[in-house]
Structures are given as structure tokens and as C-alpha cells.
Amino acid sequence: MTVRVRFSPAPTGYLHVGGARSALFNWLYARKTGGTFILRIEDTDADRSRPELIDNIRDSLRWLGLDWDEEYRQSDRFDQYLAAIDGFLDRGQAYYCDCSQTDVRARVGENAGYDGHCRDRNVAKPADGTGGVVVRFRTPDEGTTGWDDLIRGRVEFENSVIEDFVIVRSSGVPMFHLANACDDFDMGITHVIRGEDLINTVPRVLLLLDALGATEPPHYAHLPLIVNEQRKKLSKRRDDVSVGDYTNRGYLAEAMRNYLVTLGWGAKDDVEIRPISEIIERFDLADINKAPAFFDVKKLDHFNGEYIRMLDLDAFVEASRPFAGPVDDDLYRRLARSVHERIRHYDEIPALIDWVVGEPPEPDGKDWRKVMGRDDVANVLDLVAERLETVAWEPEALAEAVLGAGEVLGTKSQLPVRMAVTGRRSGLPLFEPMAELERSTVLERIRKARGRLD
RNA sequence: GCCCCCAUCGUUCAGCGGCCUAGGACGCCUGCCUUUCACGCAGGUAACACGGGUUCAAAUCCCGUUGGGGGUGCCA
């Protein structure tokens with residue numbers, strides 16, 4: 001049996017890290033087994049679907065290196081769904097229902113599902129798009145529906161708790177469960193790997209699949225959810241989790257992908273950061289965890305820093321260049337070596353080099369007081385300025401001039417000078433970048449800082 | 001309310017009956033390196049939710065409790 005898996009996002013939002021993780025696990029399984037990875041856009045709900053987001057989803061997947069082998073769009077397949085529904089109707093497996101939601105609510109109360117009121121009322125097929133008539137699927141009243149989840153083990157639901165659910169809206173448009181069952185059947189999906197939030201929909205789809213005549217339903221594997229700090233399912237609104245945001249902030253696709261793998265799965269040998277080929281080799285659905293995992297940006301940052309440091313200087317310069325801002329190519333290259341080893345994502349770069357490229361930032365008040373509050377700072381700045389008037393303008397000499405001034409005065413001179421010239425109390429090693437500036441510029445900054453002391 | 005799922009350091013993963021006085025990684029702390037900050041290196045901190053079983057032996061199996069989460073739509 002050749003494995004066929006699918007990632008089935010609804011285009012109702014940007015691809016977020018939870019979706020990306022689902023896509024990734026499907027992809028890993030396909031690549032491991034030599035199977036087929038399918039992208040299926042679930043856009044049956046025209047009101048919520050935003051076609052422009054399909055491109056965002058595709059771009060994010062591509063960025064992560066998750067290439068797909070086939071692509072479908074459910075909105076292209078309504079004919080199939082409608083044909084399936086006609087079959088259900090003919091065979092009495094589904095029926096028309098004209099109950100309004102308030103009717104149902106009035107009959108059964110707040111907490112119960114649909115009561116089967118129209119099961120045998122023979123509600124007539126409505127003229128197209130009129131009259132609030134839906135199609136409901138007739139579910140069994142007794143027995144159980146269950147499956148052996150590859151991650152969770154046996155899961156069973158009493159059929160009595162599964163209401164006769166809607167499969168066609170009153171607008172005539174088929175709904176998610178139906179489209180899902182038809183597609184998984186038609187596309188020969190062998191494994192359904194997705195988030196645990198969908199676990200409750202399985203019995204309905206299983207029932208539908210059976211009604212469709214599927215003798216061998218897919219295997220299901222429900223992934224633990226990725227949660228936020230409050231241990232709640234990630235929300236696109238509340239949580240900052242779109243994949244595109246991480247792209248924009250200078251995270252590497254390889255790092256993101258590698259980090260995502262560690263949420264819910266770990267290699268037996270405890271090695272976390274490793275090439276994707278090794279991950280594919282070791283990955284197995286049976287080893288996936290059941291408990292939800294917190295998306296920890298701090299750890300992602302660590303992974304990303306590691307991946308950045310794995311880059312050789314040329315690759316780093318090229319990849320990080322777009323984040324560096326307006327800086328001369330050769331100058332950036334000269335600065336890159338020390339930038340390379342102290343960032344965790346590329347968008348930290350501007351704050352490291354802005355004072356070399358342009359003006360330093362307005363110093364943070366607290367940092368300023370901490371560094372410039374000492375009594376001897378004025379003397380340091382005066383002596384350094386005096387020395388810099390005549391020193392040879394190259395890093396070694398600058399270091400000697402600045403550090404030597406401190407020695408002469410019996411104090412530390414590097415920090416005040418750094419604060420004066422860069423606007424910050426920490427950053428790149430000082431003297432090489434400082435030598436990139438004009439002598440007059442450096443002197444001006446030092447005198448300006450001197451003037452600001454008390 | 002009802003249905004379903006889950007439970008090892010703060011976080012994440014390893015552990016699938018004895019190798020566990022529970023291991024790796026992130027974080028945090030300490031030290032070394034050092035022109036600051038980082039990087040790197042060396043240490044340290046810290047967990048089997050609780051209660052019953054089963055067994056010669058349980059973090060590992062079973063039951064219950066508690067605590068979390070998900071679902072409960074003419075969303076997916």
C-alpha cells in the first residue's frame with residue numbers, strides 16, 4: 001500500500017505554526033515512506049474563505065521546504081459532493097430538514113443536538129437556494145463508532161451522542177464533513193494526520209465513509225495541540241504565530257522546521273538539532289507524544305542561532321543582507337563576522353550596526369546613568385578625545401588610545417566611549433567598526449556625550 | 001451540561017516493568033574566555049499530579065481522584 005497523506009487547511013487565516021506542524025508531520029511521513037503528500041484547500045465555506053490567503057499558505061509551506069505532490073481545491077469538487085448526496089438521499093441515508101435553529105433549540109434546549117425531527121417527515125427537496133432547507137445525515141441510534149488512532153490508541157464514541165448533522169447548507173453548498181469524507185475516499189488517503197482539535201469529527205466522517213461504500217477507511221493519527229503560555233490552543237488573533245511573521249523577523253526555515261519537529265516528537269538518541277534527512281530517517285508516527293506542547297520562542301531562538309552559526313560567512317552575508325538595512329555591501333561584509341556570532345534572528349542586525357551606518361540611537365536613560373554616572377567619566381572622555389585627535393585611524397591604534405586612556409586614569413574607559421559613540425552599552429566589538437567612522441564623527445559624538453554629563 | 005483527549009524538571013523531548021539514587025535540550029544560576037554584549041567551554045538548579053491496585057519489581061500496566069485541554073455551528 002502506497003501512503004497518501006494530505007494537509008488540508010481552510011484558507012481562513014495565515015498559515016500559523018500549528019498548521020505548519022501538521023503539514024510538516026504529514027510531509028515527514030510521506031517522505032519517509034516514499035508516499036504522496038497532497039495539499040488540499042478546504043474552502044467549502046465561501047463566506048469565510050479568503051482566496052488571497054491560499055497563496056500565503058502555499059508560500060509558507062514552500063518556505064519551510066514542504067513540497068507537495070498533488071493539489072486540490074474543494075470548491076472545484078462540488079459536483080462530486082452533490083452526487084454523493086444524491087446517493088445518500090436515494091438510499092434514505094440522508095434527508096431534507098426545514099427546522100430552523102430556533103425551532104430545534106426550543107424543542108431540545110441549550111445543550112442537546114438535533115433531535116431527528118425531520119427524519120421521517122419527507123420534507124420536499126427545495127427549489128434552488130430557497131427556504132432554509134438543509135440536508136442531514138442519518139446517524140445510527142445505537143452501537144459505537146471508533147477507530148484505532150495511531151497516536152492515541154482506541155477511541156470510541158457512542159452513536160447515540162452523534163446527532164443527525166448537516167451535510168448540505170440551505171444555500172445548497174456541501175459542508176466540511178461530507179467534503180472531507182468524499183475527498184479522502186476519492187483521493188485514496190491512507191493516513192489522516194492532523195491536530196487533536198479534529199478528533200471529535202472522526203466518527204461522523206467514518207459514518208459518511210461507510211455510507212459512501214468505503215470498505216477501508218484511512219488510518220487516523222491525532223497530533224497533540226500546540227498551545228500558548230496559558231495552555232490554550234493557539235489562536236490566530238490572540239497569539240503571534242503566523243509563519244510569515246517569523247520569516248519576516250529573520251528566522252531560518254530550517255531552524256523553524258527543526259524546532260517544530262521537536263514539539264510532540266523526539267529522537268531516541270536525544271539529539272534535537274539535526275539535518276532534515278536524519279529526521280526523516282528516524283521519524284515515526286508511533287513515537288509521537290499525546291500531551292499538548294507549548295510553542296517556546298526562546299527555544300526557537302536558540303535553534304535559530306545555532307542554524308545561523310552553521311552558515312559560513314558568505315552564506316550568512318547573503319542571507320542576512322536584506323535585514324541589514326541601508327549599508328554598503330563591502331562595509332556590511334566587514335562587519336558581518338562579529339554580527340554573525342551574536343544574533344539569534346536577522347532582525348537583530350540593524351540595532352547592531354546602525355551607529356556605524358548612520359546616527360547612534362538616543363541612549364536608554366537607565367543604561368546611560370549606569371555607564372556615565374561615574375565621577376571619572378568626564379576625565380575619560382576628555383582624555384580619549386584628546387588622544388583620538390592624533391592617533392592613527394585604524395583598529396589597533398584606536399584600541400590602544402581608548403584602553404590606554406583608562407589605564408592612565410586608573411579606570412575603565414571602554415564603556416563610556418562605547419556609550420558615547422554607539423549609543424548603547426553593549427554591541428559589536430568596538431574598535432573595528434569605530435575605525436569605519438570618520439575621525440571627526442567619533443570626536444563629535446564623544447564631545448556631545450561629554451556635554452551631556454550632568 | 002454532554003462527549004472526547006491529556007498528565008516526567010519552569011519549558012520541551014528521552015524513558016515503553018528491573019540498566020532510573022530518572023537522561024538530553026532550552027531557560028535560569030555560577031565559573032572560565034573576553035574591549036562591552038554575545039559566541040564557545042565547564043559546572044549547577046530543577047520533575048515521575050494524587051490515591052488505590054497488579055507484580056518479586058512500576059515513571060512505565062489497570063482503576064479512581066484531581067487538574068488541564070479540545071469539541072459540542074447551516075466553521076474547518
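Just so we're clear, the structure is a prediction, and the values are computed from it rather than from any experiment. We name chains A, B, ... by the order of the sequence lines, and we start the count at 1 in each one. Values reported hereafter were calculated over all heavy atoms of this structure, with side chains retained and with hydrogens, waters and symmetry mates removed.
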* To do: Could you pull out all residues at least two apart from A/R450 that satisfy salt bridge (Lys or Arg N to Asp or Glu O under 4.0 Å)?
  => A/D382
* Could you list the residues that satisfy salt bridge (Lys or Arg N to Asp or Glu O under 4.0 Å) with A/R257, not counting sequence neighbours? => none
Between [atom2] on [N] and [atom1] on [X], what's the gap in Å once rounded to a whole number?
X      : N     : atom1 : atom2 : answer
A/F283 : B/C13 : CZ    : C1'   : 14 Å
A/F303 : B/G24 : CZ    : P     : 16 Å
A/N228 : B/U11 : CG    : C1'   : 14 Å
A/I199 : B/U72 : CD1   : P     : 14 Å
A/N258 : B/A25 : CG    : C1'   : 12 Å
A/R274 : B/A14 : CZ    : P     : 13 Å
A/Y307 : B/C26 : OH    : P     : 14 Å
A/E163 : B/G71 : CD    : P     : 16 Å

* To do: Classify every nucleotide of nucleotides 32-50 of chain B by which part a protein heavy atom approaches to under 4.0 Å, writing B for the base, S for the sugar-phosphate alone and - for neither, in 5'-to-3' order.
  => ---BBBBSS----------
Taking atom [atom1] in both [N] and [M], compute the distance separating them and give it to the nearest angstrom.
N     : M     : atom1 : answer
B/A57 : B/C19 : C1'   : 14 Å
B/C13 : B/U66 : C1'   : 26 Å
B/C37 : B/C32 : P     : 13 Å
B/A14 : B/C4  : P     : 27 Å
B/A49 : B/G10 : C1'   : 16 Å
B/A59 : B/G18 : C1'   : 13 Å
B/C16 : B/A58 : C1'   : 12 Å
B/U21 : B/A47 : C1'   : 15 Å

Select base, sugar-phosphate, or nothing to describe what [X] touches, counting heavy atoms under 4.0 Å on all strands.
X      : value
A/V271 : nothing
A/G406 : nothing
A/E158 : nothing

* To do: Hey, can you tell me if A/Y220 and A/H222 have their rings parallel, tilted or perpendicular (30° and 60° cut-offs)?
  => parallel
* A/Y81-A/D183 side chain donor-acceptor pair, cut-off 3.5 Å -> yes
* To do: Indicate whether any N or O donor in one side chain lies under 3.5 Å from an N or O acceptor in the other, for A/D141 and A/S160.
  => no
Using purine N1 to pyrimidine N3 plus N6-O4 or O6-N4 for Watson-Crick, or N1-O2 and O6-N3 for G-U wobble, each under 3.5 Å, what pairs with [N]?
N     : answer
B/C37 : none
B/G67 : B/C6
B/A14 : none
B/A46 : none
B/U60 : none
B/C74 : none

* Which ring pair (Phe, Tyr, Trp, His ring centres under 6.0 Å) pairs, counting each pair once, include a residue from residues 95-117 of chain A, with sequence neighbours left out? -> none
The criterion is ring-ring contact (aromatic ring centres under 6.0 Å, His included); which residues satisfy it with [X], sequence neighbours excluded?
X      : value
A/F323 : A/Y346
A/Y14  : none
A/H302 : none
A/Y259 : A/F295, A/F303

* Asked: For B/C26, does either OP1 or OP2 sit under 4.0 Å from a side-chain N or O belonging to A/K298?
  -> no
* Any A/K232 side-chain N or O less than 4.0 Å from OP1/OP2 of B/G70 -> no
* **Test applied, ring-ring contact (aromatic ring centres under 6.0 Å, His included); reference residue, A/F25; option that passes from A/F37, A/F7, A/F283** => A/F283
Validation: residues 46-55 of chain A side-chain donor-acceptor distances under 3.5 Å, sequence neighbours left out:
from: A/S49; atom 1: OG; to: A/D45; atom 2: O; distance (Å): 3.0
from: A/R50; atom 1: NE; to: A/E52; atom 2: OE2; distance (Å): 3.1

Would you tabulate the pairs of protein nitrogen or oxygen atoms and nucleotide nitrogen or oxygen atoms of nucleotides 74-76 of chain B closer than 3.5 angstrom?
from: B/C74; atom 1: OP1; to: A/Q101; atom 2: OE1; distance (Å): 3.4
from: B/C74; atom 1: O2; to: A/S170; atom 2: N; distance (Å): 2.9
from: B/C74; atom 1: O2; to: A/S170; atom 2: OG; distance (Å): 2.9
from: B/C74; atom 1: N3; to: A/S170; atom 2: OG; distance (Å): 3.0
from: B/C74; atom 1: N4; to: A/G132; atom 2: O; distance (Å): 3.4
from: B/C75; atom 1: OP2; to: A/R169; atom 2: NE; distance (Å): 2.4
from: B/C75; atom 1: OP2; to: A/R169; atom 2: NH2; distance (Å): 2.8
from: B/C75; atom 1: O3'; to: A/R169; atom 2: NH2; distance (Å): 3.2
from: B/C75; atom 1: O2'; to: A/D45; atom 2: OD2; distance (Å): 3.2
from: B/A76; atom 1: OP1; to: A/T44; atom 2: OG1; distance (Å): 2.4
from: B/A76; atom 1: OP1; to: A/R169; atom 2: NH2; distance (Å): 2.8
from: B/A76; atom 1: OP2; to: A/F176; atom 2: N; distance (Å): 3.2
from: B/A76; atom 1: O3'; to: A/E42; atom 2: OE1; distance (Å): 2.7

* Please work out which residues in residues 285-293 of chain A have a non-hydrogen atom less than 4.0 Å from an atom of RNA chain B and list them by number. => A/D287, A/N289, A/K290, A/A291, A/P292, A/A293
* For a side-chain contact (heavy atoms from CB on, under 4.5 Å) with A/L335, tell me which candidate from A/I349, A/I353, A/L352, A/V317 qualifies. => A/I353
* What pairs meet the side-chain hydrogen bond (donor to acceptor under 3.5 Å, both in side chains) rule with one or both residues in residues 333-342 of chain A, with sequence neighbours excluded? -> A/D314-A/R333, A/R334-A/E436
* To do: Can you check whether any acceptor in the base of B/G24 is under 3.5 Å from a donor in the side chain of A/E272, or vice versa?
  => yes
